[in-house]
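Letters go in sequence order (proteins before strands), and every chain restarts at 1.
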Amino acid sequence: DTAVSQTPKYLVTQMGNDKSIKCEQNLGHDTMYWYKQDSKKFLKIMFSYNNKELIINETVPNRFSPKSPDKAHLNLHINSLELGDSAVYFCASSRKGYYGYTFGSGTRLTVV
Amino acid sequence: SQQGEEDPQALSIQEGENATMNCSYKTSINNLQWYRQNSGRGLVHLILIRSNEREKHSGRLRVTLDTSKKSSSLLITASRAADTASYFCATASANQAGTALIFGKGTTLSVSS
């Protein structure tokens, strides 16, 4: 009955590879987000989708591309992975408007 | 841009003591939220306080908001070892509809038994 689920939980890959992280929410929320948490625990918004429409696209390399096939899913595809992409990536969802977020458990990406 | 800044960065207390964490922010907000993150886990929403509220309670949590000083505090009373975690404040902008929460750097709380 996980509300926001991300897969995989851990991802170790070599530089230059392409990888995807999947996220699904079963809360009926309209808005979904991707955040990146660095080694100092700083959380930075990357993307936000509202009902499949991109509404926030922060300054991230265009190697990162989000895709939302429907409002319950928001996937993150990363091309040509670099060492600096190593971090924990969190998916979250919320109702439209000013509400609290529900976070997934995170995907720890390690690029070697 | 960075919005919330928590203080202190780290806090160590004994079980049963109270823990107070502070958060300062820079721009006008619609609301301020506090989240907890246990080691290796996702963030959990604790409490939301709107800009027209001054204080809110939830169980052992008490949150205050002072919009004139652009600051908030989170008080955890009678702390337990299970409260050991990182705590983040996050702000929702009042001026930009559709913007995402901006998180502070967090306070790491250690509660020893």
With hydrophobic residues grouped by side-chain heavy-atom distances under 4.5 Å, do B:V44 and A:V4 end up in a single group? no

Is there a path of hydrophobic side-chain contacts, each under 4.5 Å between heavy atoms of I, L, V, M, F, W or Y residues, that connects A:F47 with A:V88? no

Show the nearest heavy-atom pair for residues A:Y35 and B:A100, with the distance to one decimal.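 The answer is OH-CB, 3.6 Å.
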
Which pair of non-hydrogen atoms, one from A:K9 and one from B:G40, has the smallest distance, and what is that distance? NZ-O, 4.0 Å

[X] atom [atom1], over 12 foreign heavy atoms within 6.0 Å:
{"X": "B:K70", "atom1": "NZ", "result": "yes"}
{"X": "A:R95", "atom1": "CZ", "result": "no"}
{"X": "B:E55", "atom1": "CD", "result": "yes"}

Using a 4.5 angstrom heavy-atom cutoff, name the option from B:L101, B:L46, B:T108 with the most pairs to chain A.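 Maximum pair count with chain A is reached by B:L101.
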
Filtered by a 4.5 Å non-hydrogen cutoff, the part of residues 99-112 of chain A contacting chain B is A:Y99, A:G100, A:Y101, A:F103, A:G104, A:S105

Nearest-0.5 Å distance, CD of residue B:Q37 to CG of residue A:L43: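 Reported to 0.5 Å precision, the distance equals 6.5 Å.
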
Look up atom CZ in B:F88 and atom NZ in A:K41, then write down how far apart they are to the nearest 0.5 Å. 6.0 Å

Chain A contact via B:L43 - which portion, at a heavy-atom distance below 4.5 Å: both

Proximity breakdown for A:Q37 and chain B, heavy-atom pairs closer than 4.5 Å: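 For A:Q37, the side chain is the part near chain B, not the backbone.
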
